[in-house]
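Remember, it's 1-based here, ligands and their atoms both numbered in the order they're listed.
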Amino acid sequence: MKVTIVGAGNVGATCADVISYRGIASGVVLLDIKEGFAEGKAMDIMQCATTTGFNTKVSGSTNDYSKTAGSDVVVITSGIPRKPGMTREELIGINAGIVKTVADNVLQHSPNAIIVVVSNPMDTMTYLTLKATGLPKNRVIGMGGALDSSRFKYYLSQALGKPANDIQGMVIGGHGDTTMIPLTRLASYNGAPIANFMSQDEMDKVAAATMVGGATLTGLLGTSAWYAPGASVAFLVDSILNDQKRMIPCSVMLDGEYGQSDICIGVPCIIGKNGIEQIVDIQLNDAEKALFAKSADAVRNMNADLKAVL
Ligand SMILES: NC(=O)c1ccc[n+]([C@@H]2O[C@H](COP(=O)([O-])OP(=O)(O)OC[C@H]3O[C@@H](n4cnc5c(N)ncnc54)[C@H](O)[C@@H]3O)[C@@H](O)[C@H]2O)c1
Ligand SMILES: O=C(O)C[C@H](O)C(=O)O
């Protein structure tokens with residue numbers, strides 16, 4: 001199985017590294033506009049093969065899309081990341097044009113690919129990709145919820161003093177500092193509700209830390225994060241290529257589900273070889289429904305700014 005990653009920067013290269021290290025695909029093509037950059041990243045990753053023991057063939061390309069031909073999955077990580085103090089939404093002016101061009105280019109060589117959109121503002125870039133390409137909605141998946149959920153479980157594990165792998169939890173809604181919805185009511189410690197172990201105040205603090213998880217890292221690193229983002233994309237790609245049918249919150253086009261239409265926003269999805277195979281209704285309560293509607297309003301407002309490119 002072949003995966004193309006457009007944008008060989010921090011997130012794209014980390015994703016290629018995780019995919020190869022874990023043997024998720026037989027081939028990965030990294031493509032970037034910077035001369036020689038993707039080739040360099042690919043060579044560096046390939047020089048891990050004998051020490052970490054993988055067989056995936058990773059190659060690089062400077063803007064030559066013919067090398068991406070026949071990809072099963074294409075990941076779009078091209079574009080600029082935010083700097084400390086910025087929101088993801090401020091990236092739309094530059095990233096919208098890049099994402100649209102990249103989506104058109106990849107489809108010329110991989111007409112059957114499933115596209116995973118990562119560039120920010122991710123929900124709006126996912127919407128743009130769907131509208132600009134006309135692809136069926138199962139083939140355009142926005143990655144954000146997998147990452148936000150892994151941060152939610154991290155913060156819960158820190159607050160509880162328990163291993164992150166013993167925590168279950170999910171974040172839905174927009175992939176934005178104010179639009180994420182960490183579902184504390186449904187989070188559990190090995191199946192037992194976390195409310196059995198934490199006060200409401202502690203749970204609220206975890207939810208707040210999760211929502212600004214990306215901004216916190218951007219402040220510390222000077223640019224946005226890449227290890228967990230790259231690994232989260234690889235996790236999603238694994239479920240597609242290996243038809244795992246994992247339930248992963250992803251940004252997808254809604255047609256009435258969760259009371260919303262004509263919007264891409266994070267909801268739990270079954271992810272398999274056909275991309276989005278099902279949107280799962282997890283039965284939100286009234287307070288969660290209100291938060292979801294508010295989140296959708298904010299994402300929809302952002303989508304209105306796409307008029308210049310659509
Ligand atoms: N959805 C998420 O959860 C999530 C997580 C982390 C980062 N992101 C977003 O992903 C994007 C990339 O982040 P990063 O940290 O890897 O940035 P980066 O600057 O390290 O890498 C971006 C790469 O894109 C390349 N690029 C720019 N225009 C291109 C084009 N037209 N064709 C091909 N390549 C092009 C650049 O040369 C650069 O190498 C940002 O928009 C960031 O906000 C999203
Ligand atoms: O925070 C960012 O801008 C990048 C990404 O969306 C993240 O959540 O790490």
Can you pull every nitrogen or oxygen pair between ligand 2 and the protein closer than 3.5 angstrom?
| unit_1 | atom_1 | unit_2 | atom_2 | d |
| --- | --- | --- | --- | --- |
| ligand 2 | 1 (O) | R82 | NE | 3.2 |
| ligand 2 | 1 (O) | R82 | NH2 | 2.8 |
| ligand 2 | 1 (O) | R88 | NH2 | 3.4 |
| ligand 2 | 3 (O) | R82 | NE | 2.6 |
| ligand 2 | 6 (O) | R88 | NE | 2.7 |
| ligand 2 | 6 (O) | N120 | ND2 | 2.9 |
| ligand 2 | 6 (O) | H175 | NE2 | 2.6 |
| ligand 2 | 8 (O) | R88 | NH2 | 2.8 |
| ligand 2 | 8 (O) | R151 | NH1 | 2.8 |
| ligand 2 | 8 (O) | H175 | NE2 | 3.4 |
| ligand 2 | 9 (O) | R151 | NH1 | 3.3 |
| ligand 2 | 9 (O) | R151 | NH2 | 2.7 |

When rounded to the nearest 0.5 angstrom, what is the spacing between CZ in R82 and CG in N120?
7.5 Å
Within a distance under 4.0 Å of any heavy atom of K34, pick out the atoms of ligand 1 and give their elements.
37 (O), 39 (O)
closest protein heavy atom to atom 12 (C) of ligand 1 is T77 O, 3.1 Å
Of the backbone atoms (N, CA, C, O) and the side-chain heavy atoms from C-beta on, which set of T101 has a member under 4.0 Å from an atom of ligand 1: side chain, backbone, both, or neither?
neither
Can you tell me how far CD of E35 sits from OG1 of T62, rounded to the nearest 0.5 angstrom?
4.5 Å
Interatomic spacing from CG in L147 to CE in M180 - rounded to 0.5 Å
7.5 Å
At under 4.0 Å between heavy atoms, is it the side chain or the backbone of W226 that contacts ligand 1, or both, or neither?
neither
Residue F37 vicinity, atoms of ligand 1 by number, heavy atom under 4.0 Å:
39 (O)
OG/S239 to CZ/R246 distance, rounded to the nearest 0.5 angstrom?
6.5 Å
Using the rule side-chain contact (heavy atoms from CB on, under 4.5 Å), only one of I114, T129, L107 pairs with L135; which is it?
L107
Taking only heavy atoms of N95 into account, list the atoms of ligand 1 that are under 4.0 Å away from them.
41 (O)
Polar proximity ligand 1 side, N10 side, N/O cut 3.5 Å exclusive
yes
The single option from T126, V252, D255 that satisfies side-chain contact (heavy atoms from CB on, under 4.5 Å) with K137 is D255
Sub-4.0 Å atoms of ligand 1 with respect to non-hydrogen atoms of M122:
1 (N)
Looking only at protein heavy atoms, which one is nearest to atom 17 (O) of ligand 1, and what is the separation?
P81 CG, 3.5 Å
Backbone of S78 reached by a side-chain donor or acceptor of S119 within 3.5 Å:
yes
Classify the contact between N120 and ligand 1 as side chain, backbone, both or neither, using a heavy-atom distance cut-off of under 4.0 Å.
both
Do other residues, nucleotides or ligands put more than 12 heavy atoms under 6.0 Å from F37 CZ?
yes
The answer for which part of P229 has a heavy atom under 4.0 Å from ligand 1 is side chain
Any N or O of V118 that comes nearer than 3.5 Å to an N or O of ligand 1?
yes
Which residue holds the protein heavy atom closest to atom 32 (N) of ligand 1, what is that atom called, and what is the gap in Å?
I33 CG2, 3.6 Å
Any nitrogen or oxygen of I98 lying under 3.5 Å from a nitrogen or oxygen in ligand 1? Just yes or no.
no
Ionic contact status for D32 with K41, cut-off 4.0 Å
no
Could you tell me whether R88 and D177 make a salt bridge, using a distance below 4.0 angstrom between a side-chain N and a carboxylate O?
yes
Between ligand 1 and N63, is the shortest N or O to N or O distance under 3.5 Å?
no
Minimum-distance protein heavy atom relative to atom 27 (C) of ligand 1:
G79 N, 3.7 Å
Where the side chain of N95 meets the backbone of I80, is there a donor-acceptor pair that is under 3.5 Å apart?
yes
Are any side-chain N or O atoms of T4 and backbone N or O atoms of V74, one a donor and one an acceptor, separated by less than 3.5 Å?
no
Is the shortest N/O to N/O distance between I80 and ligand 1 below 3.5 Å?
yes
Atoms of ligand 1 less than 4.0 Å from L91 heavy atoms?
43 (O)
Cationic N near anionic O, under 4.0 Å, D243 to K245:
yes
Which atoms from ligand 1 have a heavy atom of V6 less than 4.0 Å away?
33 (C)
Of the protein's non-hydrogen atoms, which lies at the shortest distance from atom 16 (O) of ligand 1, and what is that distance?
V11 N, 2.8 Å
How far does CE of M170 sit from CD1 of I248, to the nearest 0.5 angstrom?
11.0 Å
Short side-chain to backbone donor-acceptor contact, N138 and N274, under 3.5 Å:
yes
M143 near ligand 1, heavy-atom distance under 4.0 Å?
yes
Quick test: of every protein heavy atom, which one is nearest to atom 21 (O) of ligand 1, and how far off is it to 0.1 Å?
G9 CA, 3.2 Å
Check this for me - ligand 1, D32, N or O atoms closer than 3.5 angstrom, yes or no?
yes
Work out which heavy atom in Y65 is nearest to a heavy atom in V106; give both atom names and the distance.
CE2-CG1, 3.5 Å
Side chain, backbone, both or neither: the part of H175 lying under 4.0 Å from ligand 1 by heavy atom
side chain
Rounded to the nearest 0.5 Å, what separation is found between the CG atom of L310 and the NZ atom of K131?
8.0 Å
